[in-house]
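For reference, the structure is listed below as structure tokens.
Just so it is clear, the structure is predicted and the values come from calculations on it, not from any experiment. Residues take their numbers from the sequence shown, with the count starting at 1. Read the numbers this way: they start at 1 and go in the same order the structure lists the ligands and their atoms.
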Amino acid sequence: MREAGRLNAEVRAILQDAIEPGITGRALDELARREIARRGGEPTFVGYAPGGRPPYPGAICFSVNEELVHGIPGERVLQEGDIVSIDLGLTYRGWVSDAAFTAGVGVITAEAQRLLDVTEAALWKGIAAARGGAALGDVSFAIGSTAEGYGIVDEYGGHGVGRRMHEEPHIVNKGRPGSGLRLKAGMVLALEPMFALGHQATVEGPDGWTVRMRDGSLCAHFEETIAVTDGAAEVLTRIEAPAAQRAG
Ligand code: MF3
Ligand code: CO
């Protein structure tokens, strides 16, 4: 799983660098497929079809502005001032890694930048809380209590990861400290806070996948795959921990 995570981080960095005004979701998707294949991995999301959904057509999810998650990469062009969430699943030797980030395209508003910063900070608070012996509710609480003033999406959340992308447990982005199952060393989890400037409610699009905010407000999504240990969690989808985590 470490390898799957490291390769995911490598491909993510390449996608991050490629984001600029004028690029399409399709171009980023093709780049992701190429870079995943070059590393001997497989795009986890391609063909994913839980519970009678149409098979997911992309290697990445590409969700712009009021689109929250599961946007399908196509001909839409990124514009200066957009924010875009890129979600990437990479399978390596049968093990899955799942990670996402939201980035500004060119110059974005201060309000949008704050939303990105707070959502990413919540992810790192959740990671810091995910120590062996802690309760799952401690992680949910750490994430949710960072969201002061934002809509906390609770229709989607984090999950266990392993041979399959979505395993037990489901991880909500708000919760009560001390509640829920106890974390044990060796568990691998994907934490994924999703916050919005407006109301938390979401709607699903007619394509069967794209999830957007019901009120059309701007939203952000960050995700890392982590391994629980007896101490601080190991972040599998990062090559280096960002400053937010080093700062504690
Ligand atoms: N990272 C996403 C999640 O955990 C998975 C994307 S769903 C897919 O929900 F259809 F795109 F594969
Ligand atoms: Co996920």
Side-chain angles (χ1 to χ4, degrees), residues 1 4-5 7-9 11-12 15-16 25-26 28-30 32-33 36 41-64 67-74 76 84-92 95-103 119-120 122-124 126-127 130 136 139-140 143 152-173 187-196 202-213 219-228 233 235-238:
M1 296 205 76
L7 298 178
N8 192 309
V11 177
R12 182 217 330 241
L15 294 173
Q16 234 150 4
R26 185 177 307 285
L28 292 169
D29 188 69
E30 282 167 3
R33 286 174 194 252
I36 292 168
E42 292 153 56
T44 314
F45 297 171
V46 174
Y48 184 62
R53 273 173 203 277
Y56 189 76
I60 60 170
C61 302
F62 174 86
S63 312
V64 184
E67 296 172 353
L68 177 68
V69 288
H70 305 167
I72 295 174
R76 180 169 183 170
V84 60
S85 153
I86 306 279
D87 197 331
L88 175 69
L90 186 149
T91 304
Y92 186 72
W95 296 100
V96 175
S97 59
D98 187 9
F101 64 93
T102 307
T119 311
E120 188 171 21
L123 172 57
W124 290 100
I127 292 169
L136 200 55
V139 176
S140 298
I143 292 172
I152 306 173
V153 174
D154 61 5
E155 294 163 291
Y156 302 88
H159 49 90
V161 188
R163 294 248 174 219
R164 286 177 302 118
M165 171 163 60
H166 289 138
E167 299 185 349
E168 291 299 308
H170 176 67
I171 306 169
V172 272
N173 285 321
M187 289 178 171
V188 177
L189 307 171
L191 305 187
E192 42 185 321
M194 290 162 241
F195 297 163
T202 64
V203 288
E204 246 177 50
D207 61 15
W209 281 104
T210 309
V211 176
R212 36 168 71 72
M213 302 314 300
C219 53
H221 172 219
F222 285 84
E223 176 178 23
E224 304 284 356
T225 298
I226 67 169
V228 176
V235 184
L236 302 184
T237 40
R238 283 289 173 139

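Residue contacts to the Co ion (ligand 2): H166 brings no N, O or S atom closer than 2.8 Å. Among the backbone and side-chain atoms of D87, none of the N, O or S atoms lies under 2.8 Å from the Co ion (ligand 2).
For the pair OE2 of E223 and OD2 of D98, the angle whose vertex sits at the Co ion (ligand 2) is 80° to 10 degrees.
Within the 4.0 Å heavy-atom cutoff, Y156 does not count among the residues contacting ligand 1.
A donor-acceptor pair under 3.5 Å is absent between the side-chain atoms of W95 and the main chain of G5, judged by distance alone. No side-chain donor-acceptor contact under 3.5 Å links T202 to the backbone of V211. For the pair R76 (side chain) and G25 (backbone), a donor-acceptor distance under 3.5 Å is absent.
Between E224 and R12 there is a salt bridge, since a side-chain N of the basic residue sits under 4.0 Å from a carboxylate O of the acidic one.
Under a 4.0 Å criterion applied to the non-hydrogen atoms of H159, ligand 1 contributes the atoms 4 (O). Close approach to C61 involves these atoms of ligand 1, each under 4.0 Å from a residue heavy atom: 6 (C), 11 (F). Of all the atoms in ligand 1, the ones that sit under 4.0 Å from a non-hydrogen atom of H166 are 3 (C), 4 (O), 9 (O).
Here the side chains of D98 and F45 are in contact, with some heavy-atom distance below 4.5 Å. Between I86 and F62 there is a side-chain heavy-atom pair separated by less than 4.5 Å.
The proximity of Y56 to ligand 1, defined as any non-hydrogen pair under 4.0 Å, is limited to the side chain.
The closest approach of E192 to the Co ion (ligand 2), by N/O/S atoms, is made by OE2. Looking at H159, its N, O or S atom nearest to the Co ion (ligand 2) turns out to be NE2.
When hydrogens are left out, the protein atom nearest atom 2 (C) of ligand 1 is D87 OD2, 3.3 Å; that is the closest non-hydrogen contact. Of all protein heavy atoms, the one lying nearest to atom 10 (F) of ligand 1 is W209 CZ3, 3.1 Å.
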| task | Please assess E223 against H159 for the test side-chain contact (heavy atoms from CB on, under 4.5 Å), listing each intermediate value before the final yes or no. | result | CA-CA 11 Å; E223 176 178 23; H159 49 90; 3.4 Å; yes
| Passes side chain to side chain donor-acceptor pair (under 3.5 Å), T225 versus T237? Steps please. | CA-CA 6 Å; T225 298; T237 40; 4.6 Å; no
